2 protein chains.
Amino acid sequence: MRATTIHAPYDMRVEDVPEPVVRLPTDAVLRVLRACICGSDLWAYRGEAARQPGQRIGHEFLGIVEEIGSEVGTVGRGDLVVAPFMWSDGVCDYCREGLTTSCEHGGFWGSVGYDGGQGEAVRVPFADGTLVRLPKEAASDDRLLSSLLTLSDVLGTGHHAALGAGARPGATVAVVGDGAVGLCAVLAAKRLGAERIIALGRHQARTDIARRFGATDVVAERGDAALEAVRELTRGQGAHAVVEAVGTEQSMRTAVAITRDGGAIGFVGVPHGSGTGVDLGVMFDRNIALRGGVAPVRAYIPELLPDVLDGTVDASPVFDMTVDLEGVPAGYKAMDERTALKVLVTN
Amino acid sequence: MRATTIHAPYDMRVEDVPEPVVRLPTDAVLRVLRACICGSDLWAYRGEAARQPGQRIGHEFLGIVEEIGSEVGTVGRGDLVVAPFMWSDGVCDYCREGLTTSCEHGGFWGSVGYDGGQGEAVRVPFADGTLVRLPKEAASDDRLLSSLLTLSDVLGTGHHAALGAGARPGATVAVVGDGAVGLCAVLAAKRLGAERIIALGRHQARTDIARRFGATDVVAERGDAALEAVRELTRGQGAHAVVEAVGTEQSMRTAVAITRDGGAIGFVGVPHGSGTGVDLGVMFDRNIALRGGVAPVRAYIPELLPDVLDGTVDASPVFDMTVDLEGVPAGYKAMDERTALKVLVTN
């Protein structure tokens, strides 16, 4: 079969690899229908995260179950299923509590020895714990498939950010970061009933999506000017709930500054760089909480799925470029150069 | 009247100062019955927090209302009242939400131009918002008076830490720091129903109090050994709820390390030093939250008071030395040299 591999920074290839097979009785093999490229895939692409030459890549995908191991009971051949961006056993303490990202047997797609989502098929460990069944008729609905694909990461991550920030009816939510996760946080905040949603971003194509997703205000300024703009919109107090969906020192610094006293920051931007931007003195004086991290999207899928199926929640507008599998390297280039927001891969 | 003043690091004096009077219609004047010395007073004592020569000091006190301004309505002459460690107007957005430490008109006892609690009397701004009435008969009950005094700061701060950490029925709580606040966090965690409470500390006199307050386990180790010990007590997972009641980089680092995935750190140790000890990468991977800050104890007094009055909660064992007002400088010396845990001042 064909699958995307990474050989060196900026050297993505689509090449022939062995067909996946069921190795363990808890495995399934899944034929991929839709996948996509994540902002976090770009770290590997740019060489900021080390990879061994030839490693697979891609952690957002959905498809049809082709084969199952003898112990797999919740999904069967021919089922349309979505995979979250990590696999998890579904039975350990953490999985049972909904923190599937801390699963004792969890792991990442594309790690050494494992398949990635940007390929024709994937061996899925712990299929019962990992995969979630979708209505079969969705397989023939292009728009719905794209929307369902966002359950694998970006929508659930936006939801995690909004929950961490404390988005709730009546609250003012501010979202730092206009990438796909930030936009999904806007959508999630709206879904959770936020009264006012302030999107911070400078790219009009993106902030237009933010408005479509429920943002009531857009702040294009940065740094101190952004702080002033948010204060002006919030009677000088700041936002009750702030999403940090970037992961840089500067974005965290902005998040702390625009949070209202007693409020919270929901952080899902993977921290990188040496400084944290976490000013503990300010957070202490103003009782600002910090909650978040890697999103247990597997646990969120059952809650979000009905709204995705009935169209109440549709994050598919984050996909602004579509490639087929052979076009994945071009998709990376477009996201790296910011000519694409998020790239959909159709098999 | 006599009051404690600070003239330079290690130069505390008790001297004659003007009697306080009602200056604004919202003021009250309170005759102090009991006060105490806070760990945070030691920063001024040691010169780590700057003070102008002659500034007053002391922010934990209770006493009898002696005079009230024309607009004061909730307390009257002769009332026994306790003051929280900051004053607050009681009517702004933040006060109404219970975040009295962010009050738009709030302030600190002992700041320039204001009285401190370690003196014979205090002018209280915003008396209606600030003071809480206590049963008059408590004035003649020495033990109860000492217990009620802890409502002004140390008990409420421990409660804030326990809430921030997420102490709840069934949870395992770990407390980093065996000072008076850490011990009160043990007491508060017990009150909130924690199943297991692990106190980290090396001073047996203090950990004995921790056990009396409800600690089920004591870990005397530090650093990696402390981490190992906590893991051993928690099936390798760490504590659901961790209180950070010290405020150093090392203590925060320990707190992060011993928190269970998905758990929270309640931090009330005022951050000092250049490093934060907040490892955002670890907190991200393990979904560890950070909540806390300066405790809005005014808002907690009504909830805690009944338990203090009926003896269910009694934090007074944190007082292990008693001085009269003239003995306050000796009290500072004892706390600085760690021969006393917390010093009670009786007027």
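Here the structure is a predicted model, which is why all the values come from computation and not from measurement.
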Determine whether the aromatic ring centres of A/His160 and A/Tyr300 lie less than 6.0 Å apart.
yes
Which one of A/Asp93, A/Val268, A/Thr276 has the most heavy-atom pairs closer than 4.5 Å to chain B?
A/Asp93
With sequence neighbours left out, write down each residue that passes ring-ring contact (aromatic ring centres under 6.0 Å, His included) with A/Tyr114, or none if nothing qualifies.
A/Trp87
Checked B/Gly269, B/Gly292, B/Gly281, B/Gly262 vs chain A; the most non-hydrogen pairs under 4.5 Å come from B/Gly292
Looking at B/Gly164, is its backbone amide N or carbonyl O close enough to the side chain of B/Arg291 to form a donor-acceptor pair, meaning the two atoms are under 3.5 Å apart?
yes
Side-chain donor/acceptor of A/Thr130 to backbone N/O of A/Ser88, under 3.5 Å
yes
Proximity breakdown for B/Leu280 and chain A, heavy-atom pairs closer than 4.5 Å:
both
Please state whether the side chain, the backbone, both or neither of B/Ile265 comes within less than 4.5 Å of a heavy atom of chain A.
neither
Heavy-atom contact with chain A under 4.5 Å, split by part of B/Asn287
both
Among A/His240, A/Gln237, A/Arg286, the one residue meeting side chain to side chain donor-acceptor pair (under 3.5 Å) with A/Asp261:
A/Arg286
Among A/Arg260, A/Met252, A/Arg235, A/Glu97, residue most engaged with chain B (heavy-atom pairs, under 4.5 Å):
A/Arg260
